[in-house]
Amino acid sequence: MSIYVGNLSYDATKSDVEEVFAEYGTIKSTHLPTDRETGRPRGFAFVEMSSDAEETAAIEALDGAEWMGRVLKVNKAKPRERR
DNA sequence: GTTGAGCGTT
């Protein structure tokens, strides 16, 4: 399972995201995608944690929380295979 | 500013 983090500040970096999510569990991996064509930051991220319970805890704790001047939107990510 | 890659045509 992975977490989707939307409405992310464009100043946020992978390390920033990991720092915050690490408070609620162990980070397995983090994605901070940029637009493949333009190289522009896309303003969202994906985080994978070591257990579903930790991810749920992080979602509940961080969804709607203000971070770096923006209110985060955090929820379970959709599978990327679909697109 | 809201759902990841890259390869490159099953």
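Quick note on labels: first sequence line is chain A, next is B, and so on, each numbered from 1.
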Send over the distance from [X] [atom1] to [N] [atom2], rounded to a whole Å.
X	N	atom1	atom2	answer
A:Ile59	B:dT2	CD1	C1'	15 Å
A:Arg36	B:dC7	CZ	C1'	9 Å
A:Asp35	B:dG4	CG	P	10 Å
A:Lys78	B:dT3	NZ	P	7 Å
A:Phe46	B:dA5	CZ	P	9 Å
A:Glu37	B:dA5	CD	C1'	12 Å

Given B:dG4, B:dT2, B:dG8, the nucleotide with the shortest approach to the side chain of A:His31: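 From the listed options, B:dG4 comes nearest.
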A:Phe44 stacking on B:dT2: centroids under 5.5 Å, ring planes under 30°?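 Answer is no, no stack.
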Check the hydrophobic clustering (I, L, V, M, F, W, Y; side-chain heavy atoms under 4.5 Å; chains of links allowed) and say if A:Val74 and A:Val71 are grouped together.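 Result: no, two separate clusters.
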Does A:Arg80 get its side chain close enough to the base of B:dG6, under 3.5 Å, for a donor-acceptor pair? no
A:Leu8 vs A:Glu48, nearer the 5' end of DNA chain B by closest nucleotide: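 Its nucleotide being nearer the 5' end, the pick is A:Leu8.
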Closest-nucleotide mapping onto DNA chain B: is A:Asn7 or A:Ser2 further toward the 5' terminus? I mean the 5' end.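 The residue mapped nearer the 5' terminus is A:Asn7.
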For residues A:Leu62 and A:Tyr24, determine if any side-chain heavy atom of one lies less than 4.5 Å from a side-chain heavy atom of the other.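 SC-SC contact between A:Leu62 and A:Tyr24 confirmed.
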Validation row: A:Ile59, A:Lys76 side chains within 4.5 angstrom (heavy atoms):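 Yes, at least one pair of side-chain atoms sits under 4.5 Å.
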Look at the side chain of A:Thr13 and the backbone N and O of A:Asp16, then say whether any donor-acceptor pair between them is shorter than 3.5 Å.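 No; zero donor-acceptor contacts below 3.5 Å.
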